[in-house]
There are 4 protein chains.
Amino acid sequence: MVTKRDMILEAGIKVFSQKGYHHAKMEDIAVAAGIGKGTIYEYFSSKLQLFQEIMEAGLRQYQESVSTEKISQMGIAERIQKITAGHFYFCQNYKELSRILFWDTDIIDDELKDWFYNKRKEKEGVLEDLIRESIRSGELREVDAKLVTLMIGGILGQIWMPIVLEGWEAEAESTAWQITDLIMNGIVPST
Amino acid sequence: MVTKRDMILEAGIKVFSQKGYHHAKMEDIAVAAGIGKGTIYEYFSSKLQLFQEIMEAGLRQYQESVSTEKISQMGIAERIQKITAGHFYFCQNYKELSRILFWDTDIIDDELKDWFYNKRKEKEGVLEDLIRESIRSGELREVDAKLVTLMIGGILGQIWMPIVLEGWEAEAESTAWQITDLIMNGIVPST
Amino acid sequence: MVTKRDMILEAGIKVFSQKGYHHAKMEDIAVAAGIGKGTIYEYFSSKLQLFQEIMEAGLRQYQESVSTEKISQMGIAERIQKITAGHFYFCQNYKELSRILFWDTDIIDDELKDWFYNKRKEKEGVLEDLIRESIRSGELREVDAKLVTLMIGGILGQIWMPIVLEGWEAEAESTAWQITDLIMNGIVPST
Amino acid sequence: MVTKRDMILEAGIKVFSQKGYHHAKMEDIAVAAGIGKGTIYEYFSSKLQLFQEIMEAGLRQYQESVSTEKISQMGIAERIQKITAGHFYFCQNYKELSRILFWDTDIIDDELKDWFYNKRKEKEGVLEDLIRESIRSGELREVDAKLVTLMIGGILGQIWMPIVLEGWEAEAESTAWQITDLIMNGIVPST
DNA sequence: TATGAATGAGACTTCATTCAT
DNA sequence: TATGAATGAAGTCTCATTCAT
């Protein structure tokens, strides 16, 4: 059952995604949800809190998408592919949310900014550890784990753009494999 | 000679970088520039126009930094390294500008958003063409040029973060070589 | 039998007394009455009307307390004492109502303000006539009846404060006699 | 020179006095001051702060009016008369301020309420001490100082009403003497 | 040219009141 | 009759922009 609260969240995602936090008016969101302006305040205490809830729920959703917990015995390539594919899926299925999470960070509120930044760091930390471990195990060559993390994070951070802004509709699994191949093997011809 | 106009641009960069577009007040900028609030309007017609000028000037500056025109006879690796090093230099020397150009994109104004998006596409187009050509010439293996562009664009798009937010002070040339190596050769051990 | 209407009035007294008219929310009153917000409107047409009813009922109650009708044959001192004692009782037994009637007059509504002001004038008129008559009869010396009324009205108007705000728990009858003594004989030593 | 700040305070006094705190709109005050709505905020940070400043300035003004510092060698009767006359003057010359200070206390803000209540207590404390001392010196008979304070405070607290609401224009000095006489000698004929 | 006091449109939020259940 | 979710009018406050000096 879709509760009114969910309808408001949905409308919030749509409007925040289209207009950004500061240009989104509470009235816009109310109209998008087909309700009165005051009703939003029955469910959320403020514009900021509504946005925070959207961010949090979005991030939870995202984390499910890119979770690799069940695949912990896989090799590094498989894991990178899984994460990439999950990210790809998420961007394709939650275009508006992607835009909010990956772009319109803006400086809305210091606390929120810090929260979001820390979430990002945390995620990167996990990835970096994974890289480091794979280097130790010999699965990867002696590279700078920080830079590799930056590279993988970067490519993921860009993917939403062609998907959301240009309607790119690639097949997630195979594209993720291609990206993984690039990351693993680079772009020079094998000798 | 530093004109008053330049002082305002400088102050704008500082304040927009610190607070983001919407939280930056014209008064803040005036104070930072050491002038009166009204004076800004002698040189810029509006807050948005001031921001646009900063973006444009910033992008011009950036393009000089990453320009590879004088090195058109170089191989693809050298070019990627040059672009990366230029990007790195730019982020290190213009931290505030970097933050504005690479993060706080927000949805300030549709026209500006489109303009910025197109600049980005343009830049990516050049890179993509370069990749494609290098594939044709056999310098690179048969990879998806779009994905490679995404990867290079992504890594560059991320670099400002550790530099600006965490004060990372790596040496530009050698780090750019490391990144180039990652892009070119991937991360698996060479057999 | 305590009707639901009475429960609402009771709750209104409590909440209006604690928070004042403007800070009292209909929801607060509903909660205090243990009913739903909408139910208040089954018995009272608006917040203002509820307040008016409370004022009116409060004033009726007050008038009973200070009524001296049954004691019309008494002398002026006895009457002043009776009124004072009645007032004292009222403040002690209906602290919340006292606060509403004697303090939180605020300018809620012009009509209500006028109504309340007239009630007061009316009461003072009766007192003033009584004074005047007592002067004529020689029971009181040649004083300005208006000023005496002001004095007696003033002292009564203040009494609620120590009682309600500071929990002063004096014995009504004897205190009323002391006050009457002050009014009658002043404060200088008798020669 | 009348500053704009003073104009706003003046307008605030007028509007708060006429409509009470909650019914006074910032726009009303702006219109009364002949300025734009936003201008008020150049001088006062909020509606509440404007009101507080009015209260404080009003109370300062009032305290000057009723100050008896220069007359400390006078007897108790003279002092009561001076205070009463000062109060009378104040009510006559600052009708709107009187209304704000002596009536529309409402429950605007807990802090303000407490502040005002304490000011009142403080003033009463001084008066009560004076009474007590005069009893000790034999100038007054053995009366309850608290009740006398209540009486004097009460009469003063009422005086604004006929002056402000009914336009009573008595002569301050002589009226103050009459009131003092009532307080000192009571209302019964001297035997 | 430079200023900053003044402005008012605009956005968030509150809460008395309504009405479908 | 009783309810409380929904509403939207209304009010405070912000800040980009103007303009008289």
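A note on names: the letters A, B, ... follow the listed sequences, proteins ahead of strands, and every chain is numbered from 1. Computed over heavy atoms, backbone and side chain alike; hydrogens, waters and symmetry mates excluded.
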How long is the line joining [atom1] of [X] and [atom2] of [N], in whole Å?
X: Glu27(C); N: dA16(E); atom1: CD; atom2: P; value: 9 Å
X: His23(C); N: dT14(E); atom1: NE2; atom2: P; value: 13 Å
X: Met26(A); N: dT7(F); atom1: CE; atom2: C1'; value: 14 Å
X: Leu48(A); N: dT13(E); atom1: CG; atom2: C1'; value: 14 Å

Of residues 28-44 of chain C, the positions that come close to DNA chain E - non-hydrogen atoms, cut-off under 4.0 Å: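 Lys37(C), Tyr41(C) - these, ordered by number, are the residues of the stretch whose heavy atoms sit under 4.0 Å from the strand.
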Suppose we screen for side-chain hydrogen bond (donor to acceptor under 3.5 Å, both in side chains). Which residues come up paired with [X], at least two apart in sequence or across chains?
X: Tyr94(D); value: none
X: Tyr43(B); value: none
X: Ser45(D); value: Gln49(D)

Can you list the residues that meet the salt bridge (Lys or Arg N to Asp or Glu O under 4.0 Å) rule with [X], with sequence neighbours excluded?
X: Asp110(A); answer: Lys113(A)
X: Glu27(C); answer: Lys37(C)
X: Lys121(C); answer: Glu124(C), Glu166(D)

List for me each residue that meets ring pair (Phe, Tyr, Trp, His ring centres under 6.0 Å) alongside Tyr41(C), sequence neighbours excluded, and say none if there are none.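 Not a single residue meets the ring pair (Phe, Tyr, Trp, His ring centres under 6.0 Å) criterion with Tyr41(C).
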Counting only non-hydrogen atoms, which of residues 2-13 of chain C are less than 4.0 Å from DNA chain F?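 Correct list: Lys4(C).
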At under 4.0 Å between heavy atoms, what does Ser45(D) touch on the DNA or RNA strands: base, sugar-phosphate, or nothing?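 No contact at all - Ser45(D) keeps every heavy atom at 4.0 Å or more from the nucleic acid.
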Among dC15(E), dC12(E), dT17(F), the nucleotide that comes nearest once only the side chain of Lys25(C) is considered: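 Of the options given, the side chain of Lys25(C) lies nearest dC15(E).
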Quick one: the dot-bracket string of DNA chain F, using Watson-Crick and G-U wobble pairs with both distances under 3.5 Å, [ ] for crossing pairs and | for bases paired to another strand. .||||||||||||||||||||
Does NZ or CZ of Lys47(D) come closer than 6.0 Å to the centre of the six-membered ring of Tyr21(D), within 45° of the ring's axis?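 The answer is yes, since Lys47(D) meets both limits relative to Tyr21(D).
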Restricting to pairs with a member in residues 4-18 of chain B, which pass side chain to side chain donor-acceptor pair (under 3.5 Å), not counting sequence neighbours?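 Applying side chain to side chain donor-acceptor pair (under 3.5 Å) to every pair that reaches into residues 4-18 of chain B, excluding sequence neighbours, yields Thr3(B)-Asp6(B), Arg5(B)-Glu53(B).
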What residues form a side-chain contact (heavy atoms from CB on, under 4.5 Å) with Lys25(A), not counting sequence neighbours?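 Scan of Lys25(A) (side-chain contact (heavy atoms from CB on, under 4.5 Å), adjacent residues dropped) gives Asp28(A).
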